[in-house]
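All remarks here apply to the structure that follows.
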Amino acid sequence: MSASEQAPVPQYQIGSDCPASHRFQVVLTIPAPDPAGQVLWLPDWIPGSYMIRDFARNLFDLQAEDGAGRPVDVQALDKSTWRCAPVAGVLQVRYEVYAWDLSVRSAHLDQTHGYFNATSLCLAVAGQERAPAEVLLQAPAGQADWRVATTLPALAVDARGFGRYRAADYDALIDHPVEMGTFDERRFSVRGVPHRLAVTGRHRGDLDRLVADLTRICAAQIDFFGQPAPFDEYLFQLTVVGQGYGGLEHRSSTSLICSRDSLPSADEPAQPGAAYVELLGLCSHEYFHSWNVKRLKPVELLAPDLQREVHTELLWFFEGVTSYYDDLFLVRAGCITPARWLELLGKQLTRHLRTPGRWRQTVAQSSFDAWTRYYKQDENTPNEVVSYYLKGALVALCLDLSLRAQTGERASLDRLMQWLWQRCLGGEPGVDEALLRQWLQAQVGDALSAPLTAWLHGTEELPWQALLAGRGIDVRLSASEPVTLGVRTQAGEGGVALTLVTRGSAAEAGGLSAGDVVVAIDGLRVSADQWNARLARYRPGDTVQLQTFRRDEWRVVGCTLQAGSCDTCELALMADPAAVRLAGWLTAS
Ligand code: ZN
């Protein structure tokens, strides 16, 4: 059957009569609405970003009419659900969406480009979510040179990419974000699969270098899970800004934001600079998600309710394991050396050591409460929350190295991921902790049963130090400050603003709070630049008088300094080459 002969399906006509006003106009035509009155709803969150975002707050002027152009009543049922009065025949719904959020999670439109996730623009037609839907994408007014970058399957589009697209169902519709504009573009092939890079925003980056590195990373990941790749094409949608960092994974694309300085320069050294390594790690992370979370999923997220929070204890696996593999694939693909990878891991361990919340929250709890804790951070977050990305990656490291050590390299996290993927190809995409335990049991019996319980559901330190030593990696721990108040600081009005007061610290005991501004230590004015050097003059047990302001009110606070803890980690290969065992793990076996 040709496209024109296909049964009529809901169609979203998307355009803008004035991009500078940041408003998309949408016309939704429903050929066969619910005879009892069509319900329409918009997601309150977008898969991959676990926070209620209330996208409907940017939807305005919702109106409906029947096939003869007569107005149809629309009643709001809640903040993101509406019901149209019953009509005979076609129902047409019109609305505007205000698009001025330059993030990977919603929609953005101005004279320079347009970007949207359908979670922001496309009302779901209740009862028809599993049916196909069309998008008629129109070039916004006055933008004759704009082109389109999306992996939405095209039905009939012009040379610039405007025209008709068709998604298999609503789930697919919201999983192919659309970029429109005058982006820089590169096309490349990886293991026979067409890949595309579209870069929005002014820059002077070396995109050929980026493509060369992406090609190696993508090839390594496709080979890891086994050909064929799970998509027919893949798109990296990259927006460059002054300061920014973020990505969101989709089934055959990713939306990324980075600072323009993280693009490779024309003379980028063979061993890339730190900012570029971070960008490659982000690309690697989102690409790995094509398997781990876009196809393999926590059982709770197989068919999620998009209008309320969906809780799972497994984000440590889907984000943490992905975080473990993102940098690992940079070294496996040859983009960085093993020594450089150890530097990156050392920095991650340092961040972990500087998170007091790791003694308070388990990584399973952190996963479960992502919606209201990790995604809604405040000044108390470091005290109470552990990152399921960071601790999850360290659990992955410990699982991987434990399996390798206990089975003489026969079993590993690699084997687990590949087993899960084969199971997914066989029609079983759901993952839960019991399934992971079942596989571990088959590999090593009970050996990892109690440790895994402690790692996921306890707060004691993970055994990364001993496991790294077993591979010939020296762990050097040191204190970043000889004495400490237990605070984090930044420059504040007339002094030093406290951004964190650590639970149980000298500062807390003395009565300091996040938000306080310290203007002097023992009667001497202090600035953020002088802070560390000034405190380093004291010894543990010394009491300092801090002159501070809170809500403009002056207070003097006495604090008894504590010894700094070992909060800094550096890793290095042991001097004895016979002790170093990276083959099969960091490098090819
Ligand atoms: Zn992720």
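Indexing begins at 1, ligand by ligand and atom by atom, following the structure's order. Along the sequence shown, residues are numbered consecutively beginning with 1.
For residue Glu286, no N/O/S atom approaches the Zn ion (ligand 1) to within less than 2.8 Å.
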Between Val321 and Val395, does the side chain to side chain contact (heavy atoms under 4.5 Å, CB included) criterion hold? Intermediate values first, please. CA-CA 8 Å; Val321 167; Val395 169; over 6 Å; no
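The minimum distance between the Zn ion (ligand 1) and any N, O or S atom of Glu319 involves atom OE1. Within His289, the N, O or S atom lying nearest to the Zn ion (ligand 1) carries the name NE2.
Heavy atoms of other residues, nucleotides or ligands lying less than 6.0 angstrom from CZ of Arg308 number 12 at most.
Under 3.5 Å, the side chains of His250 and Tyr234 contain no donor-acceptor pair of N or O atoms.
Between Arg196 and Glu233 there is no salt bridge, since no side-chain nitrogen of the basic residue lies less than 4.0 Å from a carboxylate oxygen of the acidic one.
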